Amino acid sequence: MGDGDEELVRRWEREQECLKQRLVEEDTEAWQKNPNFSGLHRVGGVDLSFIKGDEVSACAQLVVLSYPDMELLYECSEMVTLSAPYIAGFLAFREAPPLLQLLQRLEREQPSLMPQVLFVDGNGLFHYREFGLACHLGVLSDLPCVGVAKNLLQVQGVAKTDEHLSQISALKKAGDTFPLTAASGRTLGQALRSSNSSTKPIYVSVGHRISLDTAVHLTHSCCRYRVPEPIRQADMRSREYLRTHFPPTSSE
DNA sequence: GCGACAG
DNA sequence: ATCTTGTCGC
């Protein structure tokens, strides 16, 4: 981040504070309260992939999978030009606009395939100001959203301490969790061992219109591998798109 | 100078 | 995010 962005950051902080008023941190859907999520048929995933030396071009991806079978129902890849830089804590201002575009396009062209919940690559409530990308996207789309981060964000007193490492060691099987507790005492998310074959947990937090407990159990039920299938598919397909449409060149 | 820094 | 292939193991 260069300097002279302090003005921008202050504006973005105000925007997060404003959008946060509309955040819903509880279950709002009937399927969320049912035993095995009966009534849930479509889960979505979004992601962006980049070309090595290019800061502004990206492939935005939306996939919709069937639940619980995780079969592909819809997919859309689109090249986009990002208008904001990446600044830690403000990922949404860079990535949310193109992802919202994809959702609007789906709503226009295939409304019956709109996902009932969206998995987002990044944090939700587990964030500097408790309003990460998954919350931002959730509020603006009004879709239930779950935030899933692959790396621990060290904020609000949560850190990679010896205690944290020992908690990770204590995750013995898929589905095991431990809470991510802020210095304030509030639980901002859960570390989840998502598969038996991976020791490294993923970090789940509330995005919008879903409780943390529901978010964690749903995430677990969507994991064939470490990363929940909707995000994994979005990631793989957006990279595949770049490979075929923008093959690496020797120059540059 | 060193470590952090979602993606 | 991206830079990067093969390799060891189940």
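Bear in mind that the values here come from a model prediction, so they are computed numbers and not experimental data. We name chains A, B, ... by the order of the sequence lines, and we start the count at 1 in each one.
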Could you run down the sub-3.5 Å N/O contacts of the protein with nucleotides 3-6 of chain B?
| residue | atom | partner | partner atom | Å |
| --- | --- | --- | --- | --- |
| dA4(B) | O3' | Gln154(A) | NE2 | 3.4 |
| dC5(B) | OP1 | Gln154(A) | N | 2.9 |
| dC5(B) | OP2 | Gln154(A) | NE2 | 3.3 |
| dA6(B) | OP2 | Tyr86(A) | OH | 2.7 |
| dA6(B) | O4' | Asn123(A) | ND2 | 3.3 |
| dA6(B) | N7 | Gly89(A) | N | 3.4 |
| dA6(B) | N6 | Gly89(A) | O | 3.2 |
| dA6(B) | N6 | Phe90(A) | N | 3.3 |
| dA6(B) | N6 | Leu91(A) | N | 3.2 |
| dA6(B) | N6 | His127(A) | NE2 | 3.2 |
| dA6(B) | N1 | Leu133(A) | N | 3.1 |
| dA6(B) | N3 | Asn123(A) | N | 3.0 |

Pairs under 3.5 angstrom, nitrogen or oxygen only, protein versus nucleotides 6-10 of chain C, please.
none

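The C1' atoms of dC5(B) and dT2(C) are separated by 15 Å, rounded to the nearest whole Å.
As rounded to whole Å, 10 Å separates atom C1' of dT2(C) from atom CD of Glu55(A). For the pair Trp12(A) CH2 and dG7(B) C1', the computed distance is 13 Å after rounding to whole Å. Atom CG of Leu82(A) is separated from atom C1' of dG7(B) by 11 Å (rounded to the nearest Å). As rounded to whole Å, 11 Å separates atom P of dT2(C) from atom CZ of Arg94(A). Separating the CD atom of Glu95(A) from the C1' atom of dT2(C) is a distance of 13 Å, rounded to the nearest angstrom. Straight-line distance from the CE atom of Met236(A) to the P atom of dA1(C): 14 Å, rounded to whole Å.
For His127(A) and Phe131(A), the gap between ring centers reaches or exceeds 6.0 Å.
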Let's go through Tyr67(A) and Ser221(A) carefully: what are the C-alpha distance in whole Å and the side-chain angles of both, what is the deciding distance for side chain to side chain donor-acceptor pair (under 3.5 Å) to 0.1 Å, and is it a yes or a no? CA-CA 9 Å; Tyr67(A) 186 91; Ser221(A) 79; 2.8 Å; yes
Show the numbers, then the answer: is there a salt bridge (charged side-chain N to carboxylate O under 4.0 Å, His left out) between Asp176(A) and Lys173(A)? CA-CA 6 Å; Asp176(A) 287 352; Lys173(A) 61 179 193 306; 3.1 Å; yes
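Using the six-membered ring where Trp is involved, Tyr203(A) and His164(A) have ring planes that are parallel, under 30° apart on the 30 and 60° scheme. His245(A) and Tyr241(A) have parallel rings, their planes meeting at less than 30° on a 0 to 90° scale where 60° marks the start of perpendicular.
One distance of note links CZ of Arg94(A) with CH2 of Trp12(A); it measures 9.0 Å at 0.5 Å rounding. Rounded to the nearest 0.5 Å, atoms CD1 (Ile168(A)) and NZ (Lys200(A)) are 9.0 Å apart. Rounding to the nearest 0.5 Å gives a distance of 10.5 Å between CD of Glu26(A) and OG1 of Thr214(A).
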